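Just so we're clear, the structure is a prediction, and the values are computed from it rather than from any experiment.
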Amino acid sequence: MATQTIVLPGEAISSDVLPIPSNPSLALKLGPGLRHTPPSTITSVLAGTLCIDQRKNAIWVENNSGRYVPQPNDLILATVHHSSTDWYHCAITPHTTLAQLPQLAFEGATKKTRPQLNSGSLVYARVLSASKHSDPELVCYNPSTGKSEGMGELKGGMVFDVSLGMARRLLLARQREEGGIAVLEEVAEKVAFEVAVGRNGKVWVKSGGVKETLLVGRALQETDSEGLGVQEQGKLVKKLLRGM
Amino acid sequence: MADTTLLPLHRADGSATYSKNGYSVVAAVNGPIEVQRRDELPEEAAVDVVLRPAAGVGGLRERHLESVVQHTLRHVILVSAHPRTLIQCTLQIVTGPEDDSVTCSLPQAASDLPVLPALLQASILALLSTSIPLSMTLTAAFVAVNSKDTLVLDPSVQQIKRASSIHLLAFSSRGDLLVVESEGDFTIDKWEEVHQKAKLICHGEEGDESESEDVSMKSDDISKLENVLKDAVERQIAKEQRWNQTIG
């Protein structure tokens, strides 16, 4: 991520910037925002920063804005809209087609014992399949292990909206080093809370009281909108904690 | 010089403002969203353009402008990337040139062309900020030919009134002509001249040698329109990447 190249739609990516694979048989991976026109033209279709990972032989365009489009394996926060005999129909983003969550796609769910979700309840789910020609499908357990792994209905708490880029940063394994996020760790030293981050730009926060929940949510939203660095996040948290 | 902002509206998926030559336009893009069954296209995204005038409700003029913008955007957006969805672009004209009302009473000057470049530029900026996949970007230029047969770039209302012909040309980022709308009396040769000049404004490509002297001087202070898009995007990315700069 040393070089910052900004691309606009329609710009051809010159072959000099493409990563050089360590193994010639390794195929180049094109991430979001790039289009391959045979035989060997690569053009960008989004405006953003061009990111290159030499080790993985991957190239993609990163940007922060826009509407979330479901991709397989993304963890998301969805709202149950209504249920039918076998499915819960869930809203991932407003005004898009509803995603389908099978009523049996929960940990330990059988035909006799299945979770009862009313319309309006919030679920933390994984996108099982999403293609442009079909409605997305969600699951609330890991199909290989049968365990919930933190997914399922989220009770209580509050949902806060953040930008898509912020959600991606929060979901990184090493938040502080790679994503530059220290705000959650800073708050956790003083306040106990639970948090679930959805790739669709939603963060669910639950804490002891409304005040604490709002503090965490505000800290996240302000970090996002102001683009705060690690030190500034520390200052922000101190300021918010003083106000409690 | 054009004035742009990206994402001024936080409720829309993407938005932009664009002001130039007395016109100021706010564009908001929502999409891809669910489409009404009757507008649904099985293989591609439906593009919907809604235009609101600065005052009053839209009429025939607005419908015409909508259709021009809609047909342009349909070719710029990669509609096949989001089949059976809707990409909605709402354009609101915020201000027009001050003496606009005076000219509207005259049949010749009541043209819809002067606002079109601002509409096209605002909508493309809003699409960029929405991260909708586009096959290219576009830039639009507005040129008038006055009675002395000289070209006037971004003419004022008075100049439009006195002009013998006015032309709107939009170019894709590859330099292809996307939109051309002309009004008034002109010859093919004159149009070719207008086309060359507009292309130069949009792309800053080297014109032919005979003109390069005065044109290159002009294009310096105008700066090519493509850079306006790039500048706006760069500013937005710098804002978004602020956290990253403070780390390293």
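One distance of note links CG of A/D224 with CH2 of B/W243; it measures 11.0 Å at 0.5 Å rounding. Atom NE2 of A/H95 and atom OG1 of B/T85 lie 14.5 Å apart (nearest 0.5 Å). Here the CG-CD distance, from A/L8 to B/E234, works out to 8.5 Å after rounding to the nearest 0.5 Å. Distance check, rounded to the nearest 0.5 Å: CD1 of A/I6 to CD1 of B/I237 gives 4.0 Å.
Closest approach of A/K132 and B/S80 over heavy atoms only: NZ-O, 3.1 Å. Contact between A/P94 and B/I33 at its shortest, heavy atoms only, is O-CG2, 4.5 Å. The two residues A/G227 and B/R242 come nearest to each other via the heavy atoms O-NE, 3.3 Å.
Residue A/H81 places its NE2 atom among 12 or fewer non-hydrogen atoms of other residues, nucleotides or ligands, all under 6.0 Å distant. Crowding of A/R168 atom CZ: a count of heavy atoms from other residues, nucleotides or ligands under 6.0 Å exceeding 12. Within a 6.0 Å radius of CZ in B/R37, no more than 12 heavy atoms belonging to other residues, nucleotides or ligands are found.
Within the 4.5 angstrom heavy-atom criterion, only backbone atoms of A/S134 (N, CA, C, O) approach chain B. With a 4.5 Å cut-off on non-hydrogen atoms, B/A12 does not touch chain A at all. No part of A/S163 comes within reach of chain B, as not one of its non-hydrogen atoms sits under 4.5 angstrom from that chain. Proximity to chain A is limited to the side chain of B/S173, based on heavy atoms less than 4.5 angstrom apart.
Chain A forms more heavy-atom pairs under 4.5 Å with one residue of B/G31, B/G14, B/S172, B/P42 than with any other, namely B/G31. Top candidate by heavy-atom pairs under 4.5 Å with chain B, chosen from A/V61, A/T96, A/D161, is A/T96. For the set A/R169, A/M166, A/E11, A/Q233, the entry with the most heavy-atom pairs within less than 4.5 Å of chain B is A/R169. Comparing A/T223, A/T43, A/L46, A/V69 by how many heavy-atom pairs each has under 4.5 Å with chain B, the most go to A/L46.
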Problem - Derivation of the side chain to side chain contact (heavy atoms under 4.5 Å, CB included) call for B/N30 and A/R67 - result: CA-CA 8 Å; B/N30 279 304; A/R67 177 174 285 261; 4.3 Å; yes
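Checking B/E240, B/Q236, B/K239 one by one against A/N64, the side chain to side chain contact (heavy atoms under 4.5 Å, CB included) holds for a single residue, B/E240. Exactly one residue among B/I132, B/I77, B/L78 makes a side chain to side chain contact (heavy atoms under 4.5 Å, CB included) with A/V45. That residue is B/L78.
Residues of residues 115-130 of chain B lying within less than 4.5 angstrom of chain A, judged on heavy atoms, are B/L128, B/S129, B/T130 in numerical order.
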